[in-house]
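Just below is one structure, and these are the notes that go with it.
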Amino acid sequence: LDRLIVAVWVALLVPVLAIALAAAQLIPLHELSTESGRAGAGWSYVQATDYSLPLPNLATLVFPLFFLDGQGGGWSLWRPWEVTYYAGVVSLALAVLALMYARRAEVLFFLTLALVASLLALGPHSPFDLHARVWEWPGMNLQRAPARFTYLGVLGIAALAGLGTQVLWENLRWWPSGARTTLRPLV
């Protein structure tokens, strides 16, 4: 019974403490948001998708410096820090390894995260324009720059790379004996 009481207190105390700590930031943020250009109706969809990821910028997944001119400038549609979608070539290779050999539920979750984030980042350039559907959800019309969804895509790729690293690690333990020459799936 004592453990149950402690568990209930912790279950109540943690969210209340989190809300109290967050209130120090959220209350002034809410007050300032009523004075910004996003107040009221928010952005129009055309304004909200100004900084979406153009399809050619998907090349930055493999070549992050593709749109730089060598003198510090760039020739992309937007600023490079807004539309560069780079997780690392080694990370991409390890993510592919995870997709091929890791038989775990996490692979499907992180693959879905990376794909959905990529479609959202493309905004109106996406074949499905998933961003237009999500933009109609409450509160999403206050968001701008769909290219920032690439952060979630990079998170998905990084997690897949971690699973790919685990595939390598599990298989490298067998290689010194010479018994294993092909990768075996992780279960």
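As the structure is a computational prediction, the values presented were derived from the model and not from experiment. One is the number of the first residue; the rest follow in order along the sequence.
When side chains are defined from C-beta on, Val154 does not count as touching Ser91, because their heavy atoms never get closer than 4.5 Å. Gln166 places a side-chain heavy atom less than 4.5 Å from the side chain of Arg104. Side-chain contact between Pro146 and Leu120: absent, with no pair of heavy atoms (C-beta onward) separated by less than 4.5 Å. Here the side chains of Tyr85 and Ser118 are in contact, with some heavy-atom distance below 4.5 Å. Looking only at side-chain heavy atoms (C-beta outward), Glu106 and Leu163 come within less than 4.5 Å of each other. Using a 4.5 Å heavy-atom cutoff, the side chains of Leu17 and Leu21 are in contact. Side-chain contact between Arg148 and Tyr51 is absent, with no heavy atoms from C-beta onward closer than 4.5 Å. Between Ile157 and Leu61, the closest side-chain pair of non-hydrogen atoms falls below 4.5 Å.
A single hydrophobic cluster is seen to contain both Val116 and Trp137, as judged by linkage of ILVMFWY side chains at heavy-atom distances under 4.5 Å, directly or through other members. Residues Val14 and Val6 share a single hydrophobic cluster, defined by chaining ILVMFWY side chains whose heavy atoms lie under 4.5 Å apart. Residues Leu152 and Phe128 fall within the same hydrophobic cluster, defined by Ile, Leu, Val, Met, Phe, Trp and Tyr side chains chained together at heavy-atom separations under 4.5 Å.
For the pair Ser126 (side chain) and Gly123 (backbone), a donor-acceptor distance under 3.5 Å is absent.
Atom CG in Leu92 sits 12.5 Å away from atom CG in Leu97 (nearest 0.5 Å). In this structure, CG in Leu113 is found 11.0 Å from CZ in Phe149, a value given to the nearest 0.5 Å. Note: Phe110 CZ to Leu115 CG = 13.5 Å, rounded to the nearest 0.5 Å. How far CG of Leu122 is from NE2 of His131: 11.0 Å, rounded to the nearest 0.5 Å.
Contact detail for His125 and Pro54: the closest heavy-atom pair is CD2-CA, 3.8 Å. Taking each heavy atom of Asn57 and Thr60 in turn, the nearest pair found is O-OG1, 2.6 Å.
Of the N and O atoms on the side chains of Thr150 and Tyr86, not one donor lies less than 3.5 Å from an acceptor on the other residue.
Applying the side chain to side chain contact (heavy atoms under 4.5 Å, CB included) test between Thr165 and each of Leu160, Val90, Leu94 identifies Leu94 as the sole match.
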